[in-house]
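Reviewing the structure listed below.
Keep in mind the model is a prediction, meaning the values are calculated, not measured. Basis for what follows: all heavy atoms, side chains included, without hydrogens, waters or symmetry-related copies. Note that ligands are numbered from 1 as they come in the structure, with each ligand's atoms numbered from 1 the same way.
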Amino acid sequence: MAPRHHISRAAAALAFLQLACAQQPGTSTPEVHPQLQTSKCTKAGGCVQQQTSVVLDWAYRWIHTADYTSCTTSSGAINSTLCPDEATCAKNCFIEGANYTAMGVTTSGDTLTMSQFVQNDGTTTSSSPRIYLLDSDGDYASLNLLGQELRFDVDLSTLPCGENGALYLSEMDHTGGRNQYNTGAANYGAGYCDAQCPVETFKNGTLNTNGAAYCCNEMDVLESNSVASAFTPHPCAADSSNCDKGGCGFNAYGLGYKNYWAQGGTLDTSKPFTIITQFITNDGTTTGTLTEIKRIYQQNGKTVPSAISGPSGDTINSTWCAEVDSSANQFGSLTTMGEALGRGMVLVFSIWNDNSQFMNWLDSGSAGPCSSTAGNPATIQAQDPTTHVVFSNIRWGDIGTTFTS
Ligand SMILES: *[C@@H]1O[C@H](CO)[C@@H](O)[C@H](O)[C@H]1NC(C)=O
Ligand SMILES: *[C@@H]1O[C@H](CO)[C@@H](O)[C@H](O)[C@H]1NC(C)=O
Ligand SMILES: *[C@@H]1O[C@H](CO)[C@@H](O)[C@H](O)[C@H]1NC(C)=O
Ligand SMILES: *[C@@H]1O[C@H](CO)[C@@H](O)[C@H](O)[C@H]1NC(C)=O
């Protein structure tokens, strides 16, 4: 069991007050979500701006007692004396607001910038933030993308081998698992799950006392750096016991198009560009069966030719998934993915690197041009301490409405 905790607004206010009274500097931060404008588009009404914001994941936060003792142990697990159960933990422990700048997350208008490393007092540390899109009502925004499309601009020119600037969808609970012991929930980034079935201190907002995994449907719209990329559906079993962890990812380099996603390539990753992902159904409606996940790129005001020439373009379909991913059909392949997209998923942004595998699955060997050791996080920190990803102009809605073709 491992936890972090959550608190009522009154408790949070009290904690802050105590802090202020005690005058302990730098120990308490109100939670202020960076605003990020996004747009929803329809054929009938065009694009309408929404007042959305972003929230840092729960696990990145300080959880402490009323007198500012940590509620986690030195190894990062929850202190089981303070948190033997949900109710006691909620009474003893408080979760802190985040300093987004210090965590490497900034927004301006419709633009979000995320940095892998942060510099404080001359010391560089890895922050690797993961954040979620919040609606103005305090719950996660629900993106219902079946039969719809998602568009955004990205600048990943500073991401070297081994970095992963990611934009994806997870079928998290939209409240973040809000309950009587966790009234903040989505407001403090609770409830993360994905198709790798993570085991975390809290599960769906509740103290995870039995170390349970939390699997959910995941659609990786973009996992990328300046030399490699993939988009990958990861459907899960209906009972959430397991998922298609590998997935049938589309990676142009892996398919033999080695100068497609590249600096100076067909799609020039040294400059910003637009990514449109269409979730196409068998009957063209938003309730049909997902049959195709189609990718379109635009750069310098023009549509970039797809890597695969011909009418299908760069697309993922169930026939292909069955060929390249022996687990796809076991989890219902695109049909399952489409059902999750139809129910609504949470938009996740992250920037990360990988201490154990150096992100080789994404950009090394047959997947990309990087050496097997180039993605060592220590190398990245030494050579690219300012590596970051910029996402902007995020829109979703009816097919054909989020961009000009
Ligand atoms: C757990 O918290 C209690 C009360 O603050 C403290 O005495 C104890 O040392 C903590 N245990 C660990 C392992 O941190
Ligand atoms: C947030 O952290 C930055 C350093 O990254 C610091 O300059 C700023 O004062 C902090 N803000 C608050 C409210 O603590
Ligand atoms: C997550 O928590 C919410 C709020 O308690 C609940 O409605 C929902 O069913 C939970 N979901 C899962 C998968 O446990
Ligand atoms: C299915 O996807 C593959 C891989 O992108 C593509 O080669 C094939 O043409 C697609 N099939 C159809 C019917 O679109």
Can you confirm whether something in the protein, heavy atoms only, sits under 4.0 Å from [atom]?
atom: atom 13 (C) of ligand 2; value: no
atom: atom 9 (O) of ligand 2; value: no
atom: atom 2 (O) of ligand 1; value: yes

Could you pull out, from N79, T81, N92, T72, the option with a heavy atom nearest to atom 11 (N) of ligand 1? N79
Atom pair CG (L267) and OG (S229), whose distance is rounded to the nearest 0.5 Å: 8.0 Å
For ligand 2, which atoms, with element, lie under 4.0 Å from some heavy atom of A102? 2 (O), 5 (O)
Atoms of ligand 2 under 4.0 Å from any heavy atom of N120, numbered from 1 in the order shown, are 4 (C), 5 (O)
Side chain [X], main chain [Y], donor-acceptor under 3.5 Å:
X: N217; Y: C236; answer: yes
X: T281; Y: G284; answer: yes
X: D314; Y: R295; answer: no
X: S127; Y: M103; answer: yes

How close does the nearest protein non-hydrogen atom get to atom 6 (C) of ligand 2, and which residue and atom is it? N99 ND2, 4.2 Å
Quick test: of every protein heavy atom, which one is nearest to atom 4 (C) of ligand 1, and how far off is it to 0.1 Å? L82 CD2, 4.0 Å
Between T175 and ligand 3, does any nitrogen or oxygen pair lie at a separation below 3.5 Å? no
Taking non-hydrogen atoms only, is D173 closer than 4.0 angstrom to ligand 3 via side chain, backbone, both or neither? side chain
Side-chain heavy-atom pair L347, F391 within 4.5 angstrom cut-off: no
Residue pair S39 / Q49, side-chain donor-acceptor N/O under 3.5 Å: no
Would you mind listing which atoms of ligand 3 come within a distance below 4.0 Å of any non-hydrogen atom of R178? 4 (C), 5 (O)
Count the heavy atoms of every other residue, nucleotide or ligand shown that sit under 6.0 Å from NZ of K294, and state whether that count exceeds 12. yes
